[in-house]
Amino acid sequence: MYSMSIFYDAIAIALRSLAISGLATLLASTWCVPIAVKLSGTRSRVGKAILGILNASIGLPTVIVGLVLYLFLSRAGPLGFLRLLYTPYAIVIGQSILVTPLLTFLMADSLSHLKDTILELAYSLGATRRQAILTLLRESLPHIISSMLVSFNRAVGELGVALMLGGNIRGLTRVMTTAIALEVEKGEFELALTLGGFLLLTTSFITLLIRALRWRK
Amino acid sequence: MIKLINVSFSYGEKNVLEDINLVFDKGVTVVLGPNGSGKTTLLKVAAGLYKPSRGKVLIGGVNIWDSPPETTIPIRRKIVYVHEKPILLRGTVLYNVSYGLKLRGSDTESSRRKAMEILRRFGIEDLAYRNSRELSTGQAQLVSIARALAVSPQYLLLDEPTSNLDKNRRAILEETIRNLSDTIVVVATHDRLFAEKFPRKIVRLENGKIVDRA
């Protein structure tokens, strides 16, 4: 029989997942937005090469990102003194790095359609460079949010980074994907299926939101 | 005044403007020419939006491509260029018309008041709270001209301003341009009838070269 405690466990894990992946996406945005503004519509060879590398890195295996960051954050690693390994912060950092190519590429691509027009309009009305870029960001807000939602979906559904950097510690770093993997391994499918349902609901809701935003543009 | 000295402009290999020497001073100057003659590029170069490949652009005696931003920003703020295809920002018409005022540090209340005043002058105050995306091209064109006038520019450069306007709106625009006694107005158009309304100074442009000055 389905117990309510499983449902409450699932809720706690789901909320932790949303918080960690949400924070990771927000953190990644702090560097992805300026990089995307710089790279969008670039005509330089270096800029085009960087965009090419970002595009190629979109499908980077999550275990590779997890492994590299594990080596950095482990005790013997160069960042070991920060004692971040097996904390939610490690997952946030890992996921933010994981979504960086996707987020930057999507934003740069959508900004490139607006950049020349909006910057020229802003300059033609007397904007400074800072004001022109703020205008561009304001105009691109639906595109930026939609890129962030796509990246959030990638972060919330990944397993490698969360498992290797978080360690799947109950009540601390256990997120939806790591919990599902563990429960299946144990042969206990109730929590796994509940979490699977939540994960599906979350990603479907985000996808609907992205579609709504694209429709509104 | 805006002075173009030996100005040339090219997109890659293609020369769009060749050796232009021109002065835009008090009153209305019409740049007349067929599509593709280089009118838009000429206006954008004169507005300081495009850097010429060769030659100088002096605005109020200052070479804007050879001066620091602290000198050029106050000068650039005196010039407004209005695109042929109206570009409106997301939000209401009122937001769009007050945009240039906000860039200049005007507070929300006074910029809204000024924007409403301009909209009233154009007879489109009923559009103030409409979403800019819901406007017809003609309405959007009028709003973008209203937005330009809201900042009381010293130099107003209008690119094909009549292309999307009906007869009544053309009359409003014509009247508005006539009343801009303290503004240096440059109108680029292929519309001979509209050009003839401002016969004081007409420059004919063909294939990027000035072929006639009247």
- [ ] Determine, for A/E139 against B/R133, whether the closest basic-nitrogen to carboxylate-oxygen distance falls under 4.0 angstrom.
- [x] yes
Task: Smallest separation among heavy atoms of A/Q131 and B/L103, with atom names - done: NE2-O, 2.9 Å
Open item on the list: Using a 6.0 Å cut-off, check whether atom CG of B/D182 has over 12 heavy atoms from anything other than its own residue.
Closed with: no
Task: Non-hydrogen side-chain atoms of B/Y81 and A/L125 separated by less than 4.5 Å - done: no
Task: A/L134 versus chain B, the contacting section by heavy-atom distance below 4.5 Å - done: neither
Open item on the list: Heavy-atom pairs under 4.5 Å with chain B - which of A/T135, A/T117, A/L119 has more of them than the others?
Closed with: A/T135
Task: Over-ring placement of A/R138 relative to B/Y95, 6.0 Å and 45° cut-offs - done: yes
TODO: Spell out, as yes or no, whether a donor-acceptor pair under 3.5 Å connects the side chain of B/R77 to the backbone of A/G126.
DONE: yes
- [ ] Would you mind reporting whether A/R129 and B/P69 have side-chain heavy atoms less than 4.5 Å apart?
- [x] no
Task: Residue B/K102 excluded, over 12 heavy atoms near NZ under 6.0 Å - done: yes
TODO: Select one option (side chain, backbone, both, neither) describing which atoms of B/V80 are under 4.5 Å from chain A's heavy atoms.
DONE: both
Task: Distance-minimising heavy-atom pair for A/S124 and B/H83 - done: OG-CE1, 4.0 Å
Open item on the list: Around atom CG of B/N6, are there more than 12 heavy atoms from other residues, nucleotides or ligands closer than 6.0 Å?
Closed with: yes
TODO: Verify the neighbour count for atom CZ of B/F198: are there more than 12 heavy atoms of other residues, nucleotides or ligands below 6.0 Å?
DONE: yes
Task: B/K3 NZ: over 12 foreign heavy atoms closer than 6.0 Å - done: no
Task: Segment of B/I73 engaging chain A (4.5 angstrom heavy-atom cut-off) - done: side chain
TODO: Select one option (side chain, backbone, both, neither) describing which atoms of B/K78 are under 4.5 Å from chain A's heavy atoms.
DONE: neither
Open item on the list: Tell me whether the count of non-hydrogen atoms from other residues, nucleotides or ligands lying under 6.0 Å of OH in B/Y11 goes above 12.
Closed with: yes
TODO: Taking the side chain as every heavy atom from C-beta outward, state whether B/R147 and A/L121 have any pair of such atoms under 4.5 Å apart.
DONE: yes
Open item on the list: For the interface with chain A, which of B/L89, B/L49, B/V82 has the highest count of heavy-atom pairs at distances below 4.5 Å?
Closed with: B/L89
